[in-house]
Number of protein chains: 2
Amino acid sequence: MSTIKNIKQAPITIAERVFDSLCQAIVTGKIPAGSKISEPELAKYYEVSRASLRDAIGRLEACNLVIRRPNVGASVVSLSDEELLEIYTVREALEGMAARQAAEQMSEKELDELQSLLEMENQANANDINNDFHYGIVIGCKNNRLKRLLCDDLYHLMRMYRYQLGRDGGRTSSASKEHGLIIDALRDGDGEMAELLMRRHIRMSRKHIETLLINKAG
Amino acid sequence: MSTIKNIKQAPITIAERVFDSLCQAIVTGKIPAGSKISEPELAKYYEVSRASLRDAIGRLEACNLVIRRPNVGASVVSLSDEELLEIYTVREALEGMAARQAAEQMSEKELDELQSLLEMENQANANDINNDFHYGIVIGCKNNRLKRLLCDDLYHLMRMYRYQLGRDGGRTSSASKEHGLIIDALRDGDGEMAELLMRRHIRMSRKHIETLLINKAG
DNA sequence: AATAATTAAATTGTCGACAATATATGTTGA
DNA sequence: TCAACATATATTGTCGACAATTTAATTATT
């Protein structure tokens with residue numbers, strides 16, 4: 001049984017189920033960024049009441065996938081280039097700290113799992129959260145608040161824009177090397193180094209996305 | 001006009017108004033930590049429908065003040081000692097980064113405001129967010145995502161437990177000195193130093209709370 | 001013809017009622 | 001007396017309808 005990956009429990013209520021569906025639809029771009037959310041339309045589509053749908057929309061707002069304005073309604077979030085880069089800065093801070101704590105908290109067994117995760121990277125399941133290197137470290141840091149901030153508030157947004165731009169914007173080889181260095185630091189129990197490397201790693205990704213965005217615009 | 005403090009807009013809908021009221025009630029302990037939230041009871045108390053109240057509860061969940069279980073209901077959050085300390089670790093990461101960016105982003109005018117904020121610390125309005133040193137830096141860093149994470153997801157919780165334990169658990173004098181050092185770094189435009197000092201500052205607070213909790217238990 | 005004001009349509013916010021689930025109470029049997 | 005089951009009560013989840021607000025369409029005015 002894997003300790004690094006955690007089970008995403010099945011939806012209980014209708015609102016939860018609709019949330020899951022809408023979440024998926026937004027992340028994959030089926031409901032495009034910036035588009036308006038029509039309550040009557042979606043309620044009819046999912047064959048649920050508007051009350052349940054509104055509940056689901058509230059959850060979408062909580063994980064930052066939609067923006068709600070009173071008496072106007074919800075729209076799918078659409079990040080500017082700057083806003084996308086802001087997320088990387090936040091990730092640098094949070095995941096850096098996660099790496100530091102993971103170096104002190106992760107067991108040998110967990111580290112082995114992380115290693116195997118890394119080795120089967122660039123596979124088919126590359127876009128699945130549960131098989132993600134970064135996610136493994138966040139779980140491994142044992143700080144549940146930190147985990148929730150990243151997974152509940154940022155993860156969905158990250159997936160959404162990763163879907164648009166491609167995984168790491170296609171710098172997988174160098175990224176994998178950096179991942180390897182981070183694991184080494186974790187195995188050494190060197191929290192300071194782990195944080196340093198993780199921050200540099202995310203800063204690199206950020207820089208890469210930045211140039212990618214510039215090229216796309218020019 | 002102050003640029004550091006930002007205006008908290010008045011509630012538009014009933015749900016927003018009830019959210020504000022409940023938020024206040026929870027933070028101040030009027031509704032105690034760990035207690036169950038009764039929808040019919042509160043709906044009657046605030047003279048609103050259960051739909052509006054449930055909407056408000058959803059918002060409380062989004063800012064981590066209550067925990068909801070399907071078909072069971074919401075309870076006011078009650079943090080263990082470890083969970084409270086976890087928040088300080090997250091703050092160290094986020095506010096550290098905020099300080100780093102603030103050093104590059106804050107104008108002279110904003111720094112002056114921050115300074116005056118610091119000088120009139122330990123006053124009556126010490127528990128008001130808008131007059132808070134840390135808040136000023138978070139605003140000053142100009143990273144809106146970072147600001148939202150701190151203010152929307154952690155700020156209410158912090159206020160709640162500050163209310164219970166007292167402001168910084170009563171280490172105001174040494175904390176003020178540390179604040180002064182941080183401002184110096186900001187004025188120098190030294191982001192690295194600002195982050196370092198902010199992290200150490202929050203780590204100190206954490207340590208202080210930690211011993212405070214131990215004494216309370218023993 | 002373009003703009004402003006007015007009216008009409010559509011959408012969101014709110015409500016009370018019912019259904020589904022969970023909790024409390026009472027009962028039976030060992 | 002205690003435990004397990006059955007019943008009753010209360011709470012949450014869901015629904016459809018109405019009210020309030022916003023947006024679209026239409027008319028009027030310069």
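Each chain gets a letter, A, B and so on, in the order its sequence line appears, and its residues count up from 1.
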Do [Y] and [X] meet the salt-bridge criterion of a basic N to acidic O distance under 4.0 Å?
X        : Y        : answer
A:Asp132 : A:Arg159 : no
B:Glu92  : B:Arg206 : no
B:Asp55  : B:Arg50  : no
A:Glu195 : A:Arg100 : yes
A:Glu110 : A:Lys142 : yes

*asked:* Rounded to the nearest 0.5 Å, what separates atom CG in B:Leu111 from atom CG in B:Leu118?
replied: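 B:Leu111 CG to B:Leu118 CG: 12.0 Å, rounded to 0.5 Å.
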*Quick one: how far along DNA chain D does chain B reach, first to last nucleotide 5' to 3', anything under 4.0 Å to a heavy atom?*
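Contact span on the strand: D:dT11 to D:dT14.
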*Between A:Phe19 and A:His156, what is the ring plane arrangement, given parallel below 30°, perpendicular above 60°, and tilted in between?*
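Perpendicular.
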Taking N or O atoms only and anything under 3.5 Å, show me the protein contacts with nucleotides 9-12 of chain C, one pair per line.
residue : atom : partner : partner atom : Å
C:dT12  : OP1  : A:Lys36 : NZ           : 3.2
C:dT12  : OP1  : A:Ile37 : O            : 3.2
C:dT12  : OP2  : A:Glu39 : N            : 3.4

